[in-house]
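The analysis underlying the following values was restricted to heavy atoms, covering all of them including side chains, and did not include hydrogens, waters or symmetry mates. As the structure lists them, so they are numbered: ligands from 1, and atoms in each ligand from 1.
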Amino acid sequence: MEILTDPKLLQERCFSWRCKSLSIALVPTMGSFHDGHFSLMDYGRAEADKLIVSLFVNPTQFGPQEDLDAYPRNFERDAQAAREHGVDLLFAPRPEAMYHPDHATWVEVPDLARNLCGKSRPIHFRGVATVVAKLFILAQPTLAVFGEKDFQQLAILRRMVRDLGLPVEVVGRPTVREADGLAMSSRNVYLEAEERSSAPAIRQGLKAAREWVAEGERSAAEIKRRLELFWADRLSKGRIDYVEVVDPESMAPLETIADRALVAAAVRIGSTRLIDNILITV
Ligand code: PAF
């Protein structure tokens with residue numbers, strides 16, 4: 001496995017691969033790998049001639065009060081794991097290599113970014129879309145693989161690719177979960193023992209929401225009300241950041257569930273903010 005830190009070298013390497021008609025799968029990550037990342041890598045490995053993983057804790061997607069400095073980092077462990085998953089090239093730039101001091105160009109998809117996580121993280125998706133656009137320009141991937149846990153991120157990146165006509169297929173892969181249902185996340189390491197034991201209630205609530213719809217409930221307000229009660233009972237140290245019922249493509253809030261709906265939530269347990277979602281088809 002080759003490790004590159006210089007964006008120009010990455011671009012040259014990928015250009016030479018594309019000139020030889022080799023397909024490239026890109027898995028953008030912020031490192032601290034878990035099985036969720038490995039499932040994205042394994043998918044990319046199977047689908048393309050070359051597999052690139054980017055490992056970059058992107059500063060522009062963290063707000064001033066967020067956990068940029070505390071974000072878990074373990075480069076040696078991640079590099080070894082990437083090697084074991086058949087990664088051809090690990091791209092791990094320093095922030096200065098990705099952003100000039102006077103960086104001024106942003107990619108924004110405001111219609112899809114203002115709801116859900118965008119409400120409490122107003123600059124987050126601008127940072128995500130910008131860094132992913134930069135990675136696409138450098139790595140020239142034929143496909144890029146993302147997890148569905150970050151469903152809003154996926155919708156935004158799909159729209160960015162469509163609107164800018166970028167020649168890359170954006171693939172969403174199912175959320176990988178712990179045995180008790182908690183969605184895998186690099187931030188799960190922040191949870192204290194008691195917080196960790198209550199965290200699976202997030203998933204249990206979302207599954208209950210799917211049941212309520214299966215039983216005939218169609219009102220988004222009622223589903224939200226029931227979920228708030230469900231979590232109030234089970235997440236003593238939890239505080240709901242949001243729970244929303246939205247259209248899975250536009251991320252616009254729904255009043256009534258007609259065919260497809262995404263129930264998405266962010267919950268703070270102690271100091272850790274966890275997100276999860278469930279796609280419901282009537
Ligand atoms: O999902 C993530 O880990 C990040 O938002 C991403 C896509 C790697 C961009 O920094």
Side-chain angles (χ1 to χ4, degrees), residues 5 7 10 24-41 43-44 51-63 66-75 78 81-82 85 87 89-99 103 106-109 112-113 116-118 120-139 141 143-161 164 166 168-176 183-190 251 264 266 272-277:
T5 56
L10 173 70
I24 299 174
L26 171 69
V27 180
T29 80
M30 299 207 299
S32 194
F33 296 154
H34 49 68
D35 284 352
H37 296 110
F38 299 140
S39 82
L40 307 182
M41 293 179 202
Y43 181 87
L51 172 60
I52 301 179
V53 170
S54 63
L55 192 171
F56 180 56
V57 182
N58 172 36
T60 64
Q61 68 189 72
F62 289 79
E66 294 183 8
D67 57 344
L68 173 63
D69 293 336
Y71 197 84
R73 291 165 172 88
N74 194 337
F75 182 77
D78 283 350
H85 284 266
V87 173
L89 196 163
L90 184 67
F91 175 56
R94 296 186 58 76
E96 312 81 79
M98 289 296 278
Y99 295 104
H103 176 95
W106 299 101
V107 180
E108 291 192 70
V109 190
L112 274 64
L116 306 177
C117 287
S120 56
R121 307 187 74 191
I123 61 157
H124 175 67
F125 289 116
R126 180 186 84 160
V128 170
T130 302
V131 80
V132 172
K134 284 167 74 71
L135 290 169
F136 285 178
I137 291 165
L138 295 171
L143 71 140
V145 198
F146 299 88
E148 286 179 345
K149 178 171 75 69
D150 298 292
F151 207 98
Q152 187 177 18
Q153 165 172 285
L154 190 55
I156 287 170
L157 296 175
R158 284 201 168 109
R159 183 67 67 87
M160 172 185 87
V161 162
L164 298 180
L166 302 177
V168 50
E169 182 194 353
V170 173
V171 177
R173 298 292 298 159
T175 303
V176 177
M184 286 196 183
S185 162
S186 304
R187 291 189 168 98
N188 289 354
V189 297
Y190 298 152
M251 299 288 123
T272 310
R273 184 175 180 278
L274 300 175
I275 59 170
D276 205 348
N277 63 73

Subset of ligand 1 atoms that lie under 4.0 Å from at least one heavy atom of T29: 8 (C)

Atoms of ligand 1, numbered as shown, that sit under 4.0 Å from any heavy atom of V131: 9 (C), 10 (O)

Ring geometry between H85 and F38 (parallel below 30°, tilted from 30 to 60°, perpendicular above 60°): parallel

Short N or O distance, N58 and ligand 1, threshold 3.5 Å exclusive: no

Check: I52 and L10 side chains under 4.5 Å, non-hydrogen atoms: yes

4.5 Å side-chain heavy-atom contact, F136 and L26: yes

Distance-only side-chain donor-acceptor flag, Y99 / N58, under 3.5 Å: yes

Which residue and heavy atom of the protein sit nearest atom 3 (O) of ligand 1, plus the separation: M30 CG, 3.7 Å

Contact atoms of ligand 1, heavy-atom distance to P28 under 4.0 Å: 8 (C)

pair L90-F75: side-chain heavy atoms closer than 4.5 Å: yes

N/O donor-acceptor pair under 3.5 Å between K149 side chain and S185 backbone: no

Atoms in ligand 1 flagged as close to Q61, the criterion being non-hydrogen separation under 4.0 Å: 4 (C), 5 (O), 9 (C), 10 (O)

Nearest neighbour of atom 6 (C) of ligand 1 from the list H37, H124, K149, Q153, on a heavy-atom basis: Q153

